[in-house]
Amino acid sequence: MLYYDDDFFNNRQKKEFRINATIVISMIQITIQAVIMVIKGISHFCILYYAGSKHTPAIKYHYHFHRLFNPIFLHGGNGHLLSNLLSQLLLCYSYENRNGTQDFLLLYFLAGIGGNIVSALYFPIATGVGASGAIFGFMGYQLAYLIKTKQPQEKYYGILVVLCIQILLIFEPHTHVDYSAHFGGFFVGILWYQKQKALIGLLLLLGCACIFLIEVPDQRYC
C-alpha cells in the first residue's frame, strides 16, 4: 500500500471497500474492451486505430494529440486487459484512498501520457495501446519511496507481484510489450514522489515537441 508517512506499510486497519476513481476507470476499460469485441466487419487492429491508439505519424502530421491519452483506455486483448486491471487494483486503489482522487488522477494520467510520449518517440512506426504506462507510474512512486526510506526487503513483494503479472503479457498471442511506455510512466512516478510536478510538465511538453522533429513517414494502417 502507498503512504506518505511512516505507517506506509504498517497500517493494518481494514478499510471499507468503496467505489473510487480506480474502480470507475477499470469499469470504463472493461466496457470499451467489451464493445470492441462485439464489433464485426473490421479488423481488431483497425478498431484500435480508429479508437485512438498511439500512432506517431497521426500525431505529427495530423495533430491527433488524443492518441497520447486514448491508449490508456484501450487494450490489445483480454489477457492484456486482465493483467493491467490486476496491476491497477493492486497499486492504485489504496493509493487513491490514502492520497485522494485528485492526486491519483493527476499521477495516473500524467504517467500514462508520459509513457505514450516515450513510446511515440522510441517506436514511431508501431501503434500502441494499454494502461501500463500509467500503472508503472505508481510502481516508480512506490519504488522511490522504498529506496528513500530504506524499507526492508519484504516490502518489495508488491512490486514483484505486479512485475510478474506484467511479464505474463509476453505469453499473450499477438502481443508485443511496449517497454518504452513502461519506462516513461515509471520515470514520471519517480519524479512525482520527489514532488517535481513542474519538471514533469516541462518534460511532457518537450517530449511532444520532439515528436514533430523525428523522421517518420506519414502513413495510415487502416
Side-chain angles (χ1 to χ4, degrees), residues 1-35 51-52 54 65-75 80-118 129-146 148-149 151 155 158-159 161-162 165-166 181-182 184-205:
M1 299 176 72
L2 299 176
Y3 294 94
Y4 282 118
D5 53 53
D6 293 335
D7 292 330
F8 195 100
F9 291 100
N10 298 322
N11 189 343
R12 300 182 181 275
Q13 181 180 2
K14 292 184 178 180
K15 295 185 178 181
E16 181 181 356
F17 178 83
R18 66 186 183 89
I19 302 297
N20 59 13
T22 303
I23 302 299
V24 173
I25 289 174
S26 299
M27 294 304 298
I28 293 174
Q29 291 165 338
I30 292 173
T31 301
I32 291 175
Q33 181 66 16
V35 172
K54 184 273 302 179
F65 292 107
H66 62 279
R67 294 184 182 275
L68 298 175
F69 178 83
N70 287 22
I72 297 172
F73 296 95
L74 304 173
H75 291 83
H80 186 197
L81 173 64
L82 179 60
S83 65
N84 277 352
L85 287 177
L86 291 174
S87 301
Q88 195 162 271
L89 293 175
L90 283 171
L91 288 176
C92 301
Y93 182 81
S94 58
Y95 179 98
E96 181 184 357
N97 284 343
R98 177 67 179 185
N99 300 312
T101 297
Q102 180 178 349
D103 189 275
F104 159 74
L105 289 175
L106 282 172
L107 176 53
Y108 188 85
F109 289 118
L110 287 175
I113 293 172
N116 288 325
I117 290 174
V118 174
V129 293
S132 297
I135 294 168
F136 269 72
F138 293 89
M139 187 180 293
Y141 177 97
Q142 182 172 349
L143 185 61
Y145 175 87
L146 292 171
K148 183 70 174 181
T149 58
Q151 294 292 323
K155 304 304 182 182
I159 291 179
V161 170
V162 174
I165 293 174
Q166 292 296 318
H182 295 178
F186 186 84
F187 186 65
V188 170
I190 293 176
L191 292 179
W192 188 264
Y193 173 77
Q194 297 174 338
K195 303 185 186 303
Q196 299 292 330
K197 297 180 181 180
L199 179 58
I200 293 173
L202 177 60
L203 290 176
L204 294 184
L205 289 175

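Side chains are part of it too, since the values below use all heavy atoms of this structure and drop only hydrogens, waters and symmetry mates. Treat the numbers as computed from the prediction; the structure is a model and nothing was measured. Note that the numbering runs from 1 along the sequence shown for the chain.
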If you round to the nearest 0.5 Å, how far is [atom2] of [Y] from [atom1] of [X]?
X    : Y    : atom1 : atom2 : result
Q33  : H75  : CD    : NE2   : 8.0 Å
L85  : H80  : CG    : NE2   : 10.0 Å
I117 : L203 : CD1   : CG    : 9.5 Å
I23  : L89  : CD1   : CG    : 5.0 Å
K148 : I190 : NZ    : CD1   : 13.0 Å
T31  : M27  : OG1   : CE    : 5.5 Å

Between [X] and [Y], which heavy-atom pair has the shortest distance, and what is it?
X    : Y    : answer
N84  : S132 : OD1-OG, 3.1 Å
A111 : G137 : CB-CA, 3.7 Å
Q29  : A131 : NE2-CB, 3.7 Å
V188 : G114 : CG2-CA, 4.4 Å

- Before giving the answer on side-chain contact (heavy atoms from CB on, under 4.5 Å), spell out for L107 and Y95 the whole-Å C-alpha distance, their side-chain angles and the decisive distance to 0.1 Å. CA-CA 10 Å; L107 176 53; Y95 179 98; 3.9 Å; yes
- Query: How about Y108 and E96: does a side-chain donor come under 3.5 Å of a side-chain acceptor?
  - Reply: no
- Message: Whether the T101 and N20 side chains hold a donor-acceptor pair (N or O, under 3.5 Å, no angle test) is what I'd like checked.
- Response: no
- Query: Passes side chain to side chain donor-acceptor pair (under 3.5 Å), Q88 versus S26? Steps please.
  - Reply: CA-CA 8 Å; Q88 195 162 271; S26 299; 2.8 Å; yes
- Evaluate the ring-ring contact (aromatic ring centres under 6.0 Å, His included) criterion for residues F69 and F73: first the C-alpha distance (whole Å), next the side-chain angles of each, then the deciding distance (0.1 Å), finally the verdict. CA-CA 8 Å; F69 178 83; F73 296 95; 5.7 Å; yes
- Query: Once the angle between the rings of H182 and F136 is folded into 0 to 90°, is it parallel (under 30°), tilted (30 to 60°) or perpendicular (over 60°)?
  - Reply: parallel
- Message: I want to check something: taking the side chain as every heavy atom from C-beta on, are W192 and D103 in contact at a cut-off of under 4.5 Å?
- Response: yes
- Task: For residues F187 and I200, determine if any side-chain heavy atom of one lies less than 4.5 Å from a side-chain heavy atom of the other.
- Result: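 No; the side chains remain at least 4.5 Å from each other.
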- Answer yes or no: does atom CZ of F104 have more than 12 heavy-atom neighbours from other residues, nucleotides or ligands under 6.0 Å? yes
- Report yes or no: does N116 contribute a side-chain atom to a donor-acceptor pair with the main-chain N or O of L68 at less than 3.5 Å?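 At least one qualifying donor-acceptor pair exists.
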- Task: Run the numbers on L91 and Q142 for side-chain contact (heavy atoms from CB on, under 4.5 Å), then give the verdict.
- Result: CA-CA 9 Å; L91 288 176; Q142 182 172 349; 3.2 Å; yes
